[in-house]
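All heavy atoms count here, side chains included; hydrogens, waters and symmetry mates do not.
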Amino acid sequence: MDYQVGYGKPPRHSRFKKGQPTANPSGRPRKDMAGLLFEGLNKKVVVTENGRRRRITLREAITRQLINQSASADLRATKMLLDMIKDAEKQATAAPPPEPPQWFTKADEEVVETLIERLRDQVRAEMAAAAAAREQTQATPAEPPQE
């Protein structure tokens, strides 16, 4: 063998051939802006409230700071807070609740209705037979005991 195999030098027979698909064809996935923003806002930070240290998300810290600034008559913070409230209300009302999944088709519903009707008819027939048997036993007098 004229080729030395070692670290970073795999055997030639086990290398990827030209045109052969790789194990990771698209490479490392890149994060989009929304993913980076979501990840950054969900990081935990340490804040001190009333002399106590707490770990909260950066999103929560920013929101609390904005609320506190608007409460101290900062007009820009108040406008930003009101805009955020309006957006949150729009999102809450704009998204209707999802419909439950339709498991049954029309044909399935017809089969179920037919089955229910057949069961009702069967129960009615059994109730009528039981009532007739009851009437039959009540109509015939019991024979006196023979001594």
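Each of Val45 and Leu36 belongs to its own hydrophobic cluster when Ile, Leu, Val, Met, Phe, Trp and Tyr are linked at side-chain heavy-atom distances under 4.5 angstrom.
Atom CD1 of Ile62 sits about 9.0 Å away from atom CE of Met84, to the nearest 0.5 Å. Taking CD1 from Ile67 and OG1 from Thr78, the interatomic distance works out to 11.0 Å, rounded to the nearest 0.5 Å. To the nearest 0.5 angstrom, Ser70 atom OG is 7.5 Å from Leu82 atom CG. To the nearest 0.5 Å, atoms NZ (Lys9) and CD (Gln4) are separated by 6.0 Å.
Side chains of Glu89 and Ile85 form a contact here, defined as non-hydrogen atoms less than 4.5 Å apart. Two residues are said to be in side-chain contact when any heavy atoms from C-beta on lie closer than 4.5 Å; Asp83 and Met80 fail this criterion.
The minimum heavy-atom distance linking Leu58 with Gly40 is given by the pair CD2-O, 3.6 Å. For the pair Arg59 and Thr63, the tightest heavy-atom approach, listed with the atom from each and the gap, is O-OG1, 2.8 Å. Scanning all heavy atoms of the two residues, the minimum distance from Ser14 to Pro10 falls at OG-CB, 4.3 Å. The shortest heavy-atom contact between Thr57 and Asn42 is CG2-O, 4.0 Å.
Salt bridge absent: Asp121 and Arg118 never bring a charged side-chain N and a carboxylate O closer than 4.0 Å. Taking a cutoff of 4.0 Å between a charged side-chain nitrogen and a carboxylate oxygen, Arg52 and Glu49 do not qualify as a salt bridge. A salt bridge is absent between Glu110 and Lys106; no separation between the charged side-chain nitrogens and carboxylate oxygens falls under 4.0 Å.
With sequence neighbours excluded, the residues forming a side-chain contact (heavy atoms from CB on, under 4.5 Å) with Gln122 are Leu119, Glu126, listed by chain and number.
In terms of modelled atom types and a separation under 3.5 Å, the side chain of Asp108 and the main chain of Thr105 share a donor-acceptor contact.
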Is there a salt bridge (charged side-chain N to carboxylate O under 4.0 Å, His left out) between Glu60 and Arg64 once you walk through the steps? CA-CA 6 Å; Glu60 190 176 350; Arg64 285 182 183 200; 2.8 Å; yes

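Annotation for Arg76: atom CZ does not count as buried by contact number, only 12 or fewer foreign heavy atoms lying within 6.0 Å.
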